[in-house]
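Basis for what follows: all heavy atoms, side chains included, without hydrogens, waters or symmetry-related copies.
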Amino acid sequence: MATGHTDPRRRDRIIDAALDLIAEEGLAAVSHRKVAARAGVPLGSMTYHFDGIDQMLREAFGRFTGHVVAVFDAHLGAATGPEEARAAVADLVHALSEGARRDLVLTQELYTLAARRPAYRELTEEWMRRSRAHLERHFDPDTARQLDALIEGLTLHRALAGDPHDRALTLEAVTRITTGGGTRVTTGGGRA
């Protein structure tokens with residue numbers, strides 16, 4: 001008999017449980033049954049709320065990328081000029097690399113999924129576009145693209161290194177990219 005009671009947070013709990021499961025056991029461990037158990041919902045809720053695992057994963061990773069973009073905004077939103085933006089980027093790299101391992105694992109799981117399954121690339125492309133939009137408030141589009149890649153790389157290297165580099169080295173790398181400290185290589189192999 002139906003109780004008439006609805007659970008308005010059930011869908012959110014399922015998405016959160018899926019992300020937790022991915023972070024703890026990897027994408028290969030995800031199943032309707034495991035996610036439902038972790039979320040504390042009936043198994044039938046999975047097919048009621050989602051057309052299948054792919055829809056649930058897209059929504060879960062969409063929520064995760066929104067979270068990371070919010071972290072970008074929290075660091076870069078208050079910067080009023082290039083110097084403050086450079087410092088904010090360095091702080092962002094250190095916050096991401098020293099933060100929850102969950103975010104690092106989810107990032108790598110999403111990248112691996114997108115590398116294997118092109119349908120998920122729309123999520124990574126939208127994520128990169130949104131991250132670069134924050135950077136483009138302070139730097140030109142080409143610099144923002146390079147800086148976005150630098151943030152990803154430095155974050156991963158710092159998070160996985162036994163002896164991670166310090167903030168001064170991060171700031172130096174950010175400064176080199178954002179002040180034109182390097183020379184651009186043309187496609188013919190020469191310098192521009």
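Shortest non-hydrogen contact noted between Val35 and Ala17 is O-CB, 3.8 Å. The heavy-atom pair separating Met56 from Phe50 by the smallest distance is CA-CD2, 3.7 Å. Considering all non-hydrogen atoms of both residues, Pro42 and Ala36 come closest at O-CB, 4.2 Å. Of all heavy-atom pairs spanning Ser97 and Arg158, the tightest one is OG-NH1, 2.6 Å. The shortest non-hydrogen separation linking Leu160 to Leu104 is CD2-CD2, 4.0 Å. Minimum interatomic distance between Ala85 and Phe139 (heavy atoms only, all atoms of both residues): CB-CZ, 3.7 Å.
The side chain to side chain contact (heavy atoms under 4.5 Å, CB included) with Val174 is formed by just one residue from the set Thr179, Leu169, Leu150; it is Leu150. The side chain to side chain donor-acceptor pair (under 3.5 Å) test with His94 is passed by exactly one of Asp166, Thr170, Thr155: Thr170.
Linking ILVMFWY residues whenever their side-chain heavy atoms come closer than 4.5 Å, directly or via other members, leaves Val105 and Ile151 in distinct clusters. Taking hydrophobic clusters as Ile, Leu, Val, Met, Phe, Trp and Tyr residues chained together by side-chain heavy-atom distances below 4.5 Å, Val68 shares a cluster with Ile15. Transitive grouping of hydrophobic side chains (ILVMFWY, heavy atoms separated by less than 4.5 Å) brings Val41 and Leu43 into a common cluster. Taking hydrophobic clusters as Ile, Leu, Val, Met, Phe, Trp and Tyr residues chained together by side-chain heavy-atom distances below 4.5 Å, Tyr111 shares a cluster with Leu57.
Note that CG of Asp148 is 12.5 Å distant from OG1 of Thr143, once rounded to the nearest 0.5 Å. Taking OG1 of Thr47 as the reference point, atom CD1 of Ile53 lies at 10.5 Å (rounded to 0.5 Å). For the atom pair Thr124 OG1 and Arg129 CZ, the distance stands at 12.5 Å (nearest 0.5 Å). Of the inter-residue distances, the one linking Leu96 atom CG with Leu92 atom CG reads 4.5 Å to the nearest 0.5 angstrom. The CG atom of Asp142 sits 9.0 Å away from the CD atom of Glu136 when rounded to the nearest 0.5 Å. With values rounded to the nearest 0.5 angstrom, Leu113 atom CG is found 10.0 Å from Arg121 atom CZ.
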Salt bridge (Lys or Arg N to Asp or Glu O under 4.0 Å) evaluation trace for Arg102 with Asp20
CA-CA 8 Å; Arg102 178 182 192 267; Asp20 289 343; 2.9 Å; yes
Can you check side-chain contact (heavy atoms from CB on, under 4.5 Å) on His138 and Glu84, steps first, answer last?
CA-CA 9 Å; His138 307 287; Glu84 285 184 17; over 6 Å; no
One pair to check against side-chain contact (heavy atoms from CB on, under 4.5 Å): Arg132 and Met128. What are the steps and the verdict?
CA-CA 6 Å; Arg132 285 193 309 264; Met128 288 184 275; 3.4 Å; yes
Determine, step by step, whether His49 and Ile14 satisfy the side-chain contact (heavy atoms from CB on, under 4.5 Å) criterion, reporting the C-alpha distance in whole Å, the side-chain angles of both residues, the deciding distance to 0.1 Å, and the verdict.
CA-CA 9 Å; His49 288 287; Ile14 291 169; 4.0 Å; yes
Please test Asp73 against Arg137 for salt bridge (Lys or Arg N to Asp or Glu O under 4.0 Å), starting from the C-alpha separation and ending with a verdict.
CA-CA 11 Å; Asp73 186 48; Arg137 287 187 284 171; 3.5 Å; yes
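When atom types are taken as modelled, the side chain of Thr112 and the backbone of Glu109 share no donor-acceptor pair closer than 3.5 angstrom. At least one donor-acceptor pair under 3.5 Å links the side chain of Arg167 to the backbone N or O of Ala87. One N or O on the side chain of His75 and one on the backbone of Val71 form a donor-acceptor pair closer than 3.5 Å. Judged by distance alone, with hydrogens and angles left aside, the side-chain atoms of Arg86 form no donor-acceptor pair with the main-chain N or O of Thr175 at under 3.5 Å.
In this view, Val69 and Trp127, Arg130, Ser131, His134 satisfy the side-chain contact (heavy atoms from CB on, under 4.5 Å) rule, not counting sequence neighbours.
Electrostatic pairing of Glu172 and Arg176 counts as a salt bridge here, judged by a charged N lying under 4.0 Å from a carboxylate O.
The shortest distance between side-chain heavy atoms of Leu110 and Ile22 does not fall below 4.5 Å. Between Leu135 and Val89 the shortest side-chain heavy-atom distance falls below 4.5 Å.
Taking the six-membered ring where tryptophan is involved, the planes of Phe61 and Phe64 are perpendicular, since the angle between them exceeds 60° and thus also 30°.
Counting non-hydrogen atoms of other residues, nucleotides and ligands closer than 6.0 Å to CZ of Arg10 gives a total above 12.
Other cluster members for Leu171: none, since no ILVMFWY side-chain heavy atom sits under 4.5 Å from it.
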